[in-house]
Amino acid sequence: MDDNKKIQFYGGRWISFLPFLVFLIVAIYISILQAPDVKGMWIGALFGIMITFLLSKDRMYYAQVVIEGMADKTAIVPIACWIFAGVFSAVLKDSGLVNGIIWLAYNLGASGTVFTVVTFLASALFATAAGTGFGTIMAGMAVLYPAGVLLGCNPAVLAGAIVSGGIFGDNLAPVSDTTICSATTQGADVGGVVKSRLKYALAAAAIAIVIFIIFGGKGGTVSEVPYDMIAQYMNPVGLVMLIPAGITIYVAIKKGDIIVAATIGTILSIIFALVFGLTTFERLFFVEDGAVGGVLVNGITGMVDICILALLILSCVHIMKVGEGDKKLLQLAEKFVHSVRGVEASIAALAISLSAIMGLNAPPILAIGSSFAKPLGEKYNIHPYRRANLLDATACTLVYSLPWTPALLMTQSLAQQANADFGSLVPALTTTQIVPWVVHAWALLAVMIFAIITGWGRQEIKNSDSQVG
């Protein structure tokens, strides 16, 4: 294909934005209807591509551009990473790591405020190892929430601590879909991105811990909790899974290659889980009644939705580039953005607003990353690490802390289930009760606004590059 050839549209270069525009309209519409499902977003992107096809002057060439966008390295790299990371995450979640953490907290006598802080740290650890914010919320609300309330924690603050831990890992984990998206769309290595973003995540976590210490408890002692109520959720052997989890994180940061890290992590996790009796071969993979299943299969299928969306969105982005819509966008942006700080603020504003509206963060990062953050950031010489950090950190804030978002609706539902299981001992919660206590989200937002205004972290990356050179 001729790299210099451009798509021409009836209506001019702005028409090249139509696939992306239709995608956004559909994504926002289904989110307003409280159905922010990735499958619905497929339809938006697909129909955007189809409608724009009718406005292309060379439809055969347009079809080639669609395929070229899906085959681009920007699309294929995150998909490959997601598949490998999905399998590792599934094995780790199924192996009982969270049960080991529960056992440790209980036997250390953590209660009230201490248990709230331990819950935040445990959730952050699990999310960083497994790379899943939603998976952390599901595990934490099912086990840590009822246990913590019985141990004297403030229910709303405890729920906020669980969600906050999930945010920490979603933002920082090398195997997180948002980390992979933010790094690959900016042409950056995952390991370098994780190391450069650590200071922002830790600063926000420190603020969160202080708040949890002040407001996390409401009295109570560990002796008030009937052991048999939570014994089924405790298994000290699960703590051994911290070893493969820690090795995986280390390799991802050291080598900067998520496929290498996830492969090593998956193999080690399977070996540890089998040796210590935390899983079985049949649980990992089985064939039954003409169908296959198991943890390994679930790990891959759990990533299929986002992989398909990535192919469609990045095809939309490529149509825009070949149609020279990106040049029109930069020309428009230059009328309003005249500084590095302005570019960073615009990237953050788009990531925050789209993720808050959609209720998901990986799709907006994919969309904004390639079409806006990368070209405009390169024009103003903003380092790829910095751009990736702005995209990821800001997209991990309001998406977890607004009452209509899937994360808090799921948290509310799980709190209601805990209330049904334990009765009046464990209260149900509403999303509005939880919102103020998703402290890590609000702290991370404040940290990133501070970083944009003051330039904190921007100069450090430049200095590091000059020293290497």
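Under the side-chain contact (heavy atoms from CB on, under 4.5 Å) criterion, Tyr62 pairs with Ile7, Phe9, Pro19, Ile49, Thr52, Phe53, Ser56, Val66, Ile319, sequence neighbours left out. By the ring-ring contact (aromatic ring centres under 6.0 Å, His included) test, Phe212 pairs with Phe120, sequence neighbours left out. Take Cys181 and apply the side-chain contact (heavy atoms from CB on, under 4.5 Å) test, not counting sequence neighbours, and it matches Trp82, Ala362, Ile365, Leu366. Applying the side-chain hydrogen bond (donor to acceptor under 3.5 Å, both in side chains) rule to Gln433 yields the partners Thr430; only residues at least two apart in sequence or on another chain are considered. Judged as a salt bridge (Lys or Arg N to Asp or Glu O under 4.0 Å), and not counting sequence neighbours, Asp170 has no contacts. Checked against side-chain contact (heavy atoms from CB on, under 4.5 Å), Val260 has the following partners two or more places apart in sequence or in another chain: Val251, Asp257, Ile264. Residues that satisfy the ring-ring contact (aromatic ring centres under 6.0 Å, His included) test with Phe126, not counting sequence neighbours, are absent from this structure. Shown here are the side-chain contact (heavy atoms from CB on, under 4.5 Å) partners of Phe47, two or more places apart in sequence or in another chain: Ile43.
A 4.5 Å side-chain heavy-atom check between Phe168 and Leu125 finds every atom pair outside the cut-off. The side-chain heavy atoms of Val65 and His318, taken from C-beta on, include a pair separated by under 4.5 Å. Side-chain contact between Met70 and Leu312: present, with at least one pair of heavy atoms (C-beta onward) separated by less than 4.5 Å. Side-chain atoms of Thr411 and Val438, non-hydrogen and from C-beta on, never get closer than 4.5 Å to each other. When side chains are defined from C-beta on, Asp392 counts as touching Thr179, because their heavy atoms get closer than 4.5 Å. Using a 4.5 Å cut-off on side-chain heavy atoms (C-beta onward), Val435 and Trp442 make contact. Counting heavy atoms from C-beta on, the side chains of Leu172 and Leu198 come closer than 4.5 Å. Inter-residue side-chain proximity for Glu324 and Ser16 is flagged as unmet; no heavy-atom pair is nearer than 4.5 Å.
Here CG of Leu391 is found 6.0 Å from CD1 of Ile347. Values are rounded to the nearest 0.5 Å. For the atom pair Leu158 CG and Phe215 CZ, the distance stands at 15.5 Å (nearest 0.5 Å). Separating the CG atom in Leu314 from the CG atom in Leu309 is a distance of 9.0 Å, to the nearest 0.5 Å. Between the CD1 atom in Ile352 and the CD1 atom in Ile368 there is a gap of 9.5 Å [rounded to 0.5 Å]. Rounded to the nearest 0.5 angstrom, Phe272 CZ and Thr279 OG1 are separated by 15.0 Å. Within the model, atoms OG1 of Thr116 and CD1 of Ile209 stand 12.0 Å from one another, a figure rounded to the nearest 0.5 Å.
Between the Ser164 side chain and the His440 main chain, a donor and an acceptor come within less than 3.5 Å of each other. For Arg197 (side chain) and Ala393 (main-chain N/O), no donor-acceptor pair under 3.5 Å exists by modelled atom type. In terms of modelled atom types and a separation under 3.5 Å, the side chain of Gln186 and the main chain of Gly369 share a donor-acceptor contact. Distance alone, capped at 3.5 Å, places no donor-acceptor pair between the Ser123 side chain and the Gly165 backbone.
Across every non-hydrogen atom of Glu68 and Val322, the tightest pair is OE1-CG2, 4.4 Å. Scanning all heavy atoms of the two residues, the minimum distance from Pro244 to Leu268 falls at CB-CB, 3.9 Å. Pairing each heavy atom of Ala348 with each of Ile452, the nearest pair is CB-CD1, 3.7 Å. In terms of heavy atoms, Pro174 sits closest to Thr128 at CD-O, 4.3 Å. Contact detail for Ser355 and Asn361: the closest heavy-atom pair is CB-CA, 4.2 Å. Of all heavy-atom pairs spanning Ala407 and Ile137, the tightest one is CB-CD1, 4.2 Å.
Counting only residues at least two apart or in different chains, salt bridge (charged side-chain N to carboxylate O under 4.0 Å, His left out) contacts with residues 339-354 comprise Glu344-Arg386, Glu344-Arg458. A side chain to side chain donor-acceptor pair (under 3.5 Å) check over residues 296-317, counting only residues at least two apart or in different chains, returns the pairs Lys39-Asp305.
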For Lys6 and Arg13, run side-chain contact (heavy atoms from CB on, under 4.5 Å): C-alpha distance rounded to whole Å, both residues' side-chain angles, the deciding distance at 0.1 Å, then the answer. CA-CA 10 Å; Lys6 302 299 178 184; Arg13 288 188 291 178; over 6 Å; no

Set out, in order, the CA-CA distance, both residues' side-chain angles and the distance that settles side-chain contact (heavy atoms from CB on, under 4.5 Å) for Tyr145 and Leu414, then state yes or no. CA-CA 9 Å; Tyr145 176 69; Leu414 291 167; over 6 Å; no

Check the pair Thr263, Phe88 against side-chain contact (heavy atoms from CB on, under 4.5 Å), reporting the backbone distance first and the verdict last. CA-CA 8 Å; Thr263 299; Phe88 166 70; over 6 Å; no

